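The next block holds one structure in the form of structure tokens; read it before the comments.
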There are 2 protein chains.
Amino acid sequence: MQVCFAGTAPLPTSPSPDSFDLAILAILQRDNTTPQRLIGEAVNLSAPAVQRRIKRMEQTGVIAGNVAVVEPAAVGQPITIFVEVELESERSDLIDAAKRQFSAAPEVQQCYYVTGEADFILVITVADMGAYEALTRKLFFDSKNVRKFRTFVAMDRVKVGLTVPLPG
Amino acid sequence: MQVCFAGTAPLPTSPSPDSFDLAILAILQRDNTTPQRLIGEAVNLSAPAVQRRIKRMEQTGVIAGNVAVVEPAAVGQPITIFVEVELESERSDLIDAAKRQFSAAPEVQQCYYVTGEADFILVITVADMGAYEALTRKLFFDSKNVRKFRTFVAMDRVKVGLTVPLPG
DNA sequence: GTCCCGGCGAAACAAACTTGCATTTGGAAG
DNA sequence: CTTCCAAATGCAAGTTTGTTTCGCCGGGAC
């Protein structure tokens with residue numbers, strides 16, 4: 001049954017997803033291989049309408065990408081490490097340089113510039129501690145601007161994902 | 001032209017992806033909407049062969065899932081926060097209870113049990129600091145087992161993803 | 001009241017995915 | 001050394017899925 005009649009729920013002109021978009025996102029960020037027909041049934045919309053909304057959200061950047069999640073341990077990268085990095089200087093050009101250097105390393109899965117007792121937090125994936133040691137040499141010891149860093153080795157990846165909580 | 005002849009690269013019996021699998025994964029974890037025909041051209045395999053390998057990696061868990069990446073700021077969750085949590089007791093049953101409680105919260109995007117000066121590291125997504133304050137009350141202050149926690153607010157999501165570095 | 005605009009649903013179209021089969025190869029057994 | 005078996009490939013057909021086009025309806029502006 002179709003609760004929403006034509007025209008009663010206009011698509012957002014440019015940004016701000018409505019409740020239909022959010023319902024679609026909730027499904028897609030769990031499994032983006034779900035057929036649009038099933039999505040339509042779940043949210044009470046036709047398949048083309050779902051398609052249009054998805055395409056729009058991809059173009060406007062609400063959907064940043066569609067990716068396969070790879071299990072690191074299955075491809076020889078079983079170790080996940082968190083690093084808090086504290087810089088010597090917080091000059092903006094040095095901050096930007098650090099951002100670029102951290103981002104360029106493929107082992108750096110995630111990099112955030114943060115407030116608080118550290119300047120950066122990195123999430124790193126490596127094959128073994130030797131690889132991590134080599135990486136610290138490259139990223140931290142060879143950089144004159146790193147004052148200190150603290151390492152946390154993950155023993156259990158309790159919950160991993162990029163899922164965003166959605167209202168509704 | 002087909003460089004690799006039939007049988008010259010036997011599929012691994014159960015685990016350990018070969019170089020073909022890794023090449024496919026490298027593409028899929030960047031964009032899993034890539035047509036299998038294009039993947040085949042890129043890795044010198046036919047489309048059905050690509051399909052079989054993908055299916056197998058999904059069944060064996062090498063590919064943990066296929067998801068759409070949602071931009072948090074576009075859905076009203078612009079704030080990303082890191083929290084280091086230190087527990088009072090490290091009794092295993094209390095550790096497990098903490099894992100369950102943290103995982104159950106939708107705002108907790110990622111949760112890792114770690115070594116070092118903290119016990120857990122959480123990645124949290126919220127709409128505003130008020131929501132974070134309420135969450136800290138629920139997760140930390142109401143829990144008798146949380147000794148202390150340190151908060152880092154992300155000013156810049158420099159690099160975000162679940163991409164695993166792949167040899168080759 | 002009339003016109004214009006935007007979105008929706010149904011159907012036709014195109015593309016991709018999936019499946020079965022014959023072929024070839026590498027390795028093990030005789 | 002020869003033979004057999006298991007496994008993976010490529011090709012081709014069938015099926016599902018995603019995409020586009022069309023006509024219709026409701027709402028806002030004049």
Side-chain angles (χ1 to χ4, degrees), chain A residues 1-60 62-69 74-75 168, chain B residues 1-60 62-63 65-70 168:
Chain A
M1 181 207 292
Q2 182 64 21
V3 176
C4 174
F5 299 95
T8 55
L11 282 183
T13 52
S14 53
S16 57
D18 62 7
S19 62
F20 284 99
D21 289 324
L22 294 179
I24 294 171
L25 287 177
I27 296 174
L28 290 183
Q29 75 174 343
R30 210 170 49 82
D31 179 10
N32 72 354
T33 65
T34 309
Q36 296 174 347
R37 179 177 54 83
L38 295 182
I39 300 176
E41 293 174 5
V43 303
N44 286 322
L45 238 53
S46 71
V50 172
Q51 149 65 16
R52 277 188 287 266
R53 287 171 179 272
I54 293 174
K55 186 176 181 181
R56 173 194 299 246
M57 289 191 286
E58 286 175 346
Q59 289 176 340
T60 59
V62 177
I63 296 177
N66 292 281
V67 304
V69 179
V75 291
Chain B
M1 183 209 293
Q2 184 62 24
V3 175
C4 173
F5 300 95
T8 54
L11 282 185
T13 52
S14 52
S16 56
D18 62 6
S19 63
F20 283 100
D21 289 324
L22 295 179
I24 293 171
L25 287 177
I27 295 174
L28 290 183
Q29 76 175 344
R30 209 170 50 82
D31 179 11
N32 72 353
T33 67
T34 309
Q36 296 174 346
R37 179 179 54 85
L38 294 182
I39 299 176
E41 293 174 4
V43 303
N44 286 323
L45 240 53
S46 71
V50 171
Q51 148 64 14
R52 277 187 283 266
R53 286 171 178 271
I54 293 175
K55 184 177 182 181
R56 203 154 68 89
M57 288 191 286
E58 287 175 345
Q59 289 176 341
T60 59
V62 178
I63 295 178
N66 292 281
V67 303
V69 180
V70 176

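Just so we're on the same page: letters track the sequence lines, and every chain starts at 1. Since the structure is predicted, the reported quantities are computational estimates derived from the model, not experimental observations.
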(message) Nearest to the side chain of B:Ala49, heavy atoms from C-beta on, is which of D:dT9, C:dT19, C:dG9?
(response)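 Of the options given, the side chain of B:Ala49 lies nearest D:dT9.
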Quick one: [X] [atom1] to [N] [atom2], roughly how many Å, whole number?
X       : N      : atom1 : atom2 : value
B:Gln59 : C:dT18 : CD    : C1'   : 13 Å
A:Arg56 : C:dG7  : CZ    : C1'   : 9 Å
B:Asp18 : C:dT25 : CG    : C1'   : 16 Å
A:Asp21 : C:dC8  : CG    : P     : 9 Å
B:Arg52 : D:dT9  : CZ    : P     : 6 Å
A:Leu45 : C:dC8  : CG    : P     : 6 Å
B:Leu28 : C:dC17 : CG    : C1'   : 14 Å

(request) Start with the C-alpha distance between A:Val67 and B:Leu28, add both sets of side-chain angles, then the distance that settles side chain to side chain contact (heavy atoms under 4.5 Å, CB included), and finish with yes or no. (result) CA-CA 6 Å; A:Val67 304; B:Leu28 290 183; over 6 Å; no
(message) For A:Thr34 versus A:Asp31, what's the shortest heavy-atom pair and its separation?
(response)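 Between these two residues, the closest heavy atoms are OG1-O, 2.7 Å.
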(request) Please determine if A:Asp21 and A:Arg56 form a salt bridge, counting it only when a charged side-chain N lies under 4.0 Å from a carboxylate O. (result)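 Salt bridge absent between A:Asp21 and A:Arg56.
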(message) So for A:Arg53 and C:dG7, does any side-chain atom that can act as donor or acceptor lie under 3.5 Å from a complementary atom in the base?
(response)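 Under the 3.5 Å cut-off, the side chain and the base do not form any donor-acceptor pair.
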(message) side chain to side chain contact (heavy atoms under 4.5 Å, CB included) for B:Val70 and A:Met57? Distances and angles first, verdict last.
(response) CA-CA 9 Å; B:Val70 176; A:Met57 289 191 286; over 6 Å; no
(request) May I ask you to verify if any side-chain N or O of B:Lys55 is less than 4.0 angstrom from the OP1 or OP2 atom of C:dC17? (result)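 For C:dC17, neither OP1 nor OP2 has a side-chain N or O of B:Lys55 closer than 4.0 Å.
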(request) Produce a footprint string for nucleotides 13-18 of chain D: one letter per nucleotide, 5' end first; B if the base is under 4.0 Å from any protein heavy atom, S if only the sugar-phosphate is, - if neither. (result) ----SS
(request) Begin with the C-alpha distance, continue with both residues' side-chain angles, and end with the deciding distance and a verdict on side chain to side chain contact (heavy atoms under 4.5 Å, CB included) for A:Ile63 and B:Val69. (result) CA-CA 6 Å; A:Ile63 296 177; B:Val69 180; over 6 Å; no
(request) Using distance alone, with no hydrogens and no angle criterion, decide if B:Asn32 and A:Asn66 have a side-chain donor and acceptor under 3.5 Å apart. (result)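 The answer is no; no qualifying pair exists.
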